[in-house]
Amino acid sequence: MRAALAAGTILAILSIFAVFANRQVLNAGNWADRSDALLENQAVRTQVSANLVDQVYANVDVSGEVASALPPRLKPLAGPAANGLRELAEQRMVHLLDRPRIQQAWKEANRLAAQQFINIAEGNSGAITASGNDVILDLRPILLELVNRLGLPPSLAQKIPATAGRIKIMSSNQVGTLQDGASALKGLALVLPLLAVALLALAVYLARGRRRRTLLFAGIDLVVAGAVVLITRNLLGSAVVDSLAKTAAVKPATEAVWSIGTGMVRDVAQATIIIGIPVILAAWLAGSTRPAVAFRRTAAPWLRDRPGVTYGVAGTLVLLVVLWGPIPATRMALPVLIMIGLVILGVQALRRQTAEEFPEATADATRAALQGAADRAKIVFGARRADVPDATEHGRLEQLERLAHLHDTGALDDDEFAAEKSVVLANGAPT
């Protein structure tokens, strides 16, 4: 049983990474959609703009082009003019990235780069280009658009080489290590979650006589698995950012790319935690602790005899969770249907258990017990107030009469009646 719980927890951790790899790393469409968030980040936009402007000035003698267009007496001003044009180009590039056509070009470039990465990782890269098997983000169309928007002569755009605006994301030797495991990840994204759930369910099944307690541990294991992945993501993020960001200027953009790029890992890990919480709650409600037993005793008349009310409350809670949408899964049809099915099964099991434990509980008895508990609280609170003691004989008699009534109705047993009576006498005795 313990081995099944431990193995299920480990597989739950691995399944989170497998789902992320399958749904984002090996899915060009999902990565292209995620790239929109990259371009919305100010640090990334600034870095992309600076990189593209650097590409223009690195491949074209802008100062020489400006000098050639100036009369001889003004040629010394070509350098300052070129520098001023550079600042203008960076500002225009930032605004240019707001245009829908440019954003679509950015998204398409990211989709092609992601597909190239997938082809290389899966060994399906049929063509060897001048860049070999490197993963390239080709931003040349955006670069040429910048040149046109600056009003530079067409001859300048023609001088920009075909390789300008191409950013190497990853070299061929870096992605080569993925080729062995890429094909397996697609299958593992489905197999690992099923195995994790199956092992946790097996642990619950094998724990005869301790199934509720084991179910509680299974829920805790799911929460732990999600927390471990979130911690691992943060630790890896710090290491990756430090290794890639060679200067402080590019660190904000690198941090943003890591945060956005691994956002699906965070989403899946949080979903695992949120799944574990209802499991813990269900195991607690069905457990033997005094609060849980008191809840079942109090709710017995409605759980047992009024299924419409019970399922109405449960349905309302599910609807609130769906409207809240704490995780992406709550906005998808299949996960919501699975959640509804699990809630129905859990409520039915709780109703059956409560009916077996408290077959004779009635709504009137429950109301009387709740009223008795409220009266007891008032008596104890009133009798134990140190700052305003009720020392009058009349007040003491009223409290004793109320205690006697609670004892007669069964709200207090003999021991509780004796204890509360002694408290009243002790606190209410005249000084």
Side-chain angles (χ1 to χ4, degrees), residues 1-25 30 34 37 185 188-204 207 210-243 254-287 289 291-292 317-318 320-322 324-332 334-336 338-339 342-343 346:
M1 181 190 70
R2 292 181 179 177
L5 285 174
T9 304
I10 294 174
L11 289 181
I13 294 173
L14 296 177
S15 66
I16 294 174
F17 290 108
V19 169
F20 161 71
N22 183 54
R23 291 180 57 188
Q24 181 162 311
V25 177
N30 284 343
R34 184 72 66 167
L185 280 176
L188 291 177
L190 176 62
V191 173
L192 285 180
L194 292 178
L195 284 178
V197 173
L199 284 173
L200 295 177
L202 178 63
V204 175
R210 295 179 295 170
R211 285 178 177 168
R212 296 187 186 96
R213 183 178 179 83
T214 306
L215 180 63
L216 177 65
F217 286 138
I220 294 174
D221 287 346
L222 290 175
V223 173
V224 169
V228 167
V229 171
L230 292 177
I231 294 172
T232 302
R233 173 178 175 264
N234 290 338
L235 294 177
L236 286 178
S238 299
V240 170
V241 170
D242 290 341
S243 64
T254 307
E255 290 175 341
V257 171
W258 172 265
S259 177
I260 296 171
T262 61
M264 190 172 290
V265 172
R266 180 197 60 230
D267 294 342
V268 179
Q270 290 176 346
T272 304
I273 293 175
I274 292 177
I275 290 172
I277 292 174
V279 174
I280 295 173
L281 180 61
W284 179 82
L285 287 176
T289 62
L317 293 176
V318 172
L320 290 175
V321 171
V322 172
W324 175 28
I327 56 176
T330 56
R331 296 185 289 273
M332 302 178 185
L334 182 58
V336 169
I338 294 175
M339 179 174 61
L342 293 175
V343 169

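The first residue in the sequence is number 1, and the count goes up from there.
Taking the side chain as every heavy atom from C-beta outward, I280 and V223 approach each other to under 4.5 Å. F20 has its side chain out of reach of D267: every pair of non-hydrogen atoms, C-beta onward, lies at least 4.5 Å apart. In this structure, L200 and V204 have side chains that are not in contact, with every pair of non-hydrogen atoms separated by 4.5 Å or more.
One distance of note links CD1 of I16 with CD of Q270; it measures 10.5 Å at 0.5 Å rounding. To the nearest 0.5 Å, atom CG of residue N234 and atom CZ of residue R266 are 10.0 Å apart. Summarising the geometry, atom CZ belonging to F17 is positioned 10.0 Å from atom CZ belonging to R233; distances are rounded to the nearest 0.5 Å. For the atom pair CG of L342 and CD1 of I275, the computed distance is 9.0 Å after rounding to the nearest 0.5 Å. Distance check, rounded to the nearest 0.5 Å: OG1 of T272 to CG of L230 gives 9.0 Å.
Listed by chain and residue number, D221 satisfy the side chain to side chain donor-acceptor pair (under 3.5 Å) test with T9 (two or more places apart in sequence, or in another chain).
Judged by distance alone, the side chain of R212 and the main-chain N or O of A286 form a donor-acceptor pair under 3.5 Å. Between the side chain of T262 and the backbone N or O of W258, at least one donor-acceptor pair lies under 3.5 Å. Judged purely by atom type and a 3.5 angstrom limit, S259 has no side-chain atom pairing as donor or acceptor with the backbone of A256.
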Hey, can you pull the donor-acceptor pairs under 3.5 Å for the side chains in residues 189-199, sequence neighbours left out?
none

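Open room surrounds CZ on R213; 12 or fewer heavy atoms of other groups in view lie less than 6.0 Å from it.
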